[in-house]
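Notes for the one structure printed next.
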Amino acid sequence: MSSPGRFITFEGIDGAGKTTHVDALEQRWRAAGHDVVRTREPGGTPLAEKLRSLVLHDAMDAMTEALLVFAARRDHLQQVIEPALARGAWVLCDRFTDATFAYQGGGRGFDTVVLSTLEQWVQANRQPDLTVLFDLPPAVAAARLVAARQPDRFEAQDQAFFERVRSAYLARQAAQPHRFAVIQADQSPEHVASQVHAALAAKGLA
Ligand code: TYD
């Protein structure tokens, strides 16, 4: 599905530090005069934000979790992402379907064949133009999260869970390497920022 806009997603395990870098890109692209839509998943619409709150805080099994994140994604695509891309906006989305393969598939062990079916149903051919994956060892990410607020249902998981999430992200990247830029996120913020800049420049998005 081609459209005049650009669809860029940001992924990584909890504590990878992506938000700081997405903030910086948002500011830079706004300053350069682009029509920028900054959004997130699960969430991005009033309905999807309600579903986010359920997924992050209410006990449920892995299938329910997967169905709710895809329900939120459907609403988000229809209400926000597709219209923005159609008018030529640059959409910066904090997490998207790779997170479902990583967390529900890798972390929870839910069937990835079912996830692929849901992906096709919900998205048709829509995929990000670029996915920036912040990769780092879970032990480093966990140390960064120690001082953070009250953990949600994912942040409260153990290191083995995040090892599986990380592996599932890297498996998605290996299957679709053209779409991904992998950032070594266990470096200084300056070094991470320069890797992000180089990855975007390589795609003509700097
Ligand atoms: P996150 O994006 O880290 O937001 P914050 O920075 O506010 O904590 O939190 C979203 C959580 O939702 C994260 O732990 C990953 C999880 N998640 C899934 O399990 N599946 C999904 O499909 C998506 C998009 C997110």
Side-chain angles (χ1 to χ4, degrees), residues 7-26 38-45 47-77 79-81 91-112 114-123 126-128 131-136 138 140-172 183 185 192:
F7 184 27
I8 302 142
T9 61
F10 300 86
E11 300 281 359
I13 62 174
D14 289 271
K18 59 188 161 51
T19 306
T20 317
H21 300 284
V22 186
D23 286 347
L25 283 174
E26 179 188 6
R38 166 82 181 270
T39 188
R40 69 173 182 180
E41 289 214 344
T45 69
L47 172 61
E49 290 290 334
K50 287 186 193 166
L51 296 176
R52 175 190 178 92
S53 167
L54 297 174
V55 168
L56 263 51
H57 303 294
D58 289 34
M60 63 187 73
D61 78 344
M63 187 190 293
T64 310
E65 219 172 80
L67 292 170
L68 288 181
V69 293
F70 271 114
R73 182 161 301 133
R74 174 70 181 176
D75 194 53
H76 190 208
L77 278 163
Q79 305 292 330
V80 174
I81 297 175
V91 177
L92 303 187
C93 190
D94 199 333
R95 301 190 186 280
F96 193 62
T97 305
D98 297 309
T100 314
F101 279 83
Y103 282 78
Q104 281 66 52
R108 304 278 195 225
F110 185 68
D111 189 341
T112 53
V114 176
L115 295 182
S116 295
T117 304
L118 290 168
E119 178 182 31
Q120 265 179 329
W121 254 39
V122 167
Q123 290 163 230
R126 174 62 66 199
Q127 288 292 343
T131 297
V132 182
L133 172 58
F134 292 82
D135 183 56
L136 80 177
V140 178
R144 289 180 182 173
L145 282 177
V146 164
R149 68 234 144 145
Q150 185 74 6
D152 62 36
R153 289 178 61 242
F154 298 102
E155 290 161 347
Q157 296 295 320
D158 63 13
Q159 207 161 299
F161 177 90
F162 287 108
E163 295 287 0
R164 296 196 297 278
V165 173
R166 182 190 192 190
S167 300
Y169 268 133
L170 292 172
R172 281 285 275 186
I183 305 299
V192 172

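Whatever order the structure lists ligands and atoms in, that order sets their numbers, starting from 1. Along the sequence shown, the residues carry numbers beginning at 1. Any value given below was found using the heavy atoms of this structure, including those in side chains, with hydrogens, waters and symmetry copies removed.
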Check: [Y] and [X] side chains under 4.5 Å, non-hydrogen atoms:
X: Asp135; Y: Tyr169; result: no
X: Asp23; Y: Arg38; result: yes
X: Leu133; Y: Arg172; result: no
X: Lys18; Y: Val132; result: no

Sequence neighbours excluded, which residues qualify as ring-ring contact (aromatic ring centres under 6.0 Å, His included) partners of Phe154?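 Per chain and number, Phe154 pairs via ring-ring contact (aromatic ring centres under 6.0 Å, His included) with Tyr103.
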Are Arg73 and Phe70 in a cation-pi contact, defined as NZ or CZ under 6.0 Å from the six-membered ring centre and within 45° of the axis?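 Here Arg73 passes the 6.0 Å and 45° test against Phe70.
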Numbering as shown, the atoms of ligand 1 that approach [X] to under 4.0 Å (heavy-atom distance):
X: Lys18; result: 2 (O)
X: Glu41; result: 24 (C)
X: Arg73; result: 22 (O), 24 (C)
X: Glu155; result: 8 (O)

Quick check on [X] - does any of its heavy atoms sit under 4.0 Å from an atom of ligand 1?
X: Leu56; result: yes
X: Arg153; result: no
X: Glu11; result: no

Could you tell me whether some N/O pair between Asp14 and ligand 1 is separated by less than 3.5 angstrom?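 Min N/O separation from ligand 1 is below 3.5 Å for Asp14.
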Asp152 versus ligand 1: do any nitrogen or oxygen atoms come within less than 3.5 Å of each other?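 In fact, backbone or side chain, Asp152 has no N or O that close.
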Which is closest to atom 25 (C) of ligand 1 in terms of heavy atoms, Gly12, Ala156, Pro42?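 Considering heavy atoms of Gly12, Ala156, Pro42, the nearest to atom 25 (C) of ligand 1 sits in Pro42.
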Compare Arg95, Gln157, Glu65 and give the one whose heavy atom is closest to atom 1 (P) of ligand 1.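 Checking each option, the heavy atom nearest atom 1 (P) of ligand 1 is found in Arg95.
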Ligand 1 versus Thr100, non-hydrogen atoms closer than 4.0 Å: side chain, backbone, both, neither?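 Within the 4.0 Å criterion, Thr100 contacts ligand 1 through backbone and side-chain atoms alike.
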Starting from [atom], what is the nearest protein heavy atom, named by residue and atom, and what distance separates them?
atom: atom 19 (O) of ligand 1; value: Gln104 NE2, 2.9 Å
atom: atom 7 (O) of ligand 1; value: Arg52 NH2, 3.3 Å
atom: atom 23 (C) of ligand 1; value: Ala99 CB, 3.5 Å
atom: atom 8 (O) of ligand 1; value: Arg149 NH2, 3.1 Å

Test side chain to side chain contact (heavy atoms under 4.5 Å, CB included) applied to Glu11 and Phe134, Phe101, Phe96, the passing residue: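 Among Phe134, Phe101, Phe96, the one meeting side chain to side chain contact (heavy atoms under 4.5 Å, CB included) with Glu11 is Phe96.
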Side chain to side chain donor-acceptor pair (under 3.5 Å) contacts in which one or both residues fall within residues 52-71, not counting sequence neighbours: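 Pairs touching residues 52-71 that pass the test: Asp61-Thr64, Glu65-Gln104, Glu65-Arg108, Glu65-Arg153.
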Test log, rule ring-ring contact (aromatic ring centres under 6.0 Å, His included), inputs His21 and Phe10: CA-CA 9 Å; His21 300 284; Phe10 300 86; 9.5 Å; no
What do you reckon, is CE of Met60 surrounded by more than 12 foreign heavy atoms closer than 6.0 Å?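 Count over threshold, so yes.
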